[in-house]
Participant: 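Just passing along the structure, written as structure tokens.
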Amino acid sequence: VAMKHNRCRYAVDDGSGVITCTRFYPEGQSNPTSQNVSLGDLVKVHGALKTYREKKEIAIHKIYPMNDPNLQTLHWLECLHLKKK
């Protein structure tokens, strides 16, 4: 996690690779996600895929911890289901 004055950057590893995820917030507003997400947490990220300096990254709309480890298994099952389509 790297915090700057108007953004917070996360390196998220989904098992297939690491992608940078960036959340921008208005200047002067504290970063609400830094209190609920820490290193090693299982998280869910909602956002848009962007290119920044010729690298793919996710512009975060929402990021929150997933407290149930079964949700990770569910995610992988959904990925397998989508791959079959």
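Residue numbers count from 1 along this sequence. Being a predicted model, the structure only gives us computed values, none of them experimental.
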Participant: Say whether L42 and L74 are linked into one hydrophobic cluster, either directly or through other cluster members, by side-chain heavy-atom distances under 4.5 angstrom.
Facilitator: yes
Participant: Which pair of non-hydrogen atoms, one from A59 and one from K50, has the smallest distance, and what is that distance?
Facilitator: CB-CG, 3.9 Å
Participant: Between L82 and I58, is there a shared hydrophobic cluster once you connect ILVMFWY residues whose side-chain heavy atoms come closer than 4.5 Å?
Facilitator: no
Participant: In Å and rounded to the nearest 0.5 Å, what is the NZ to OG1 distance from K56 to T51?
Facilitator: 3.5 Å
Participant: For the atom pair CG (L71) and NZ (K44), what is the distance rounded to the nearest 0.5 Å?
Facilitator: 7.0 Å
Participant: Would you find a donor on one side and an acceptor on the other, under 3.5 Å apart, between the side chain of D41 and the backbone of V43?
Facilitator: no
Participant: Going from CZ on F24 to SG on C8, what distance comes out if it is rounded to the nearest 0.5 angstrom?
Facilitator: 11.0 Å
Participant: Here's a test for you: under side-chain contact (heavy atoms from CB on, under 4.5 Å), which of I60, V37, I19 qualifies with V45?
Facilitator: I60
Participant: Are any of the side-chain heavy atoms of I63 and Y10 separated by less than 4.5 Å?
Facilitator: yes
Participant: What's the spacing between H75 NE2 and M66 CE if we round to 0.5 Å?
Facilitator: 8.0 Å
Participant: Could you check E57 against T22 for side-chain contact (heavy atoms from CB on, under 4.5 Å), going step by step and ending with a plain yes or no?
Facilitator: CA-CA 7 Å; E57 70 173 43; T22 306; 3.3 Å; yes
Participant: How about H81: does its NE2 atom have over 12 heavy atoms from other parts shown lying under 6.0 Å from it?
Facilitator: no
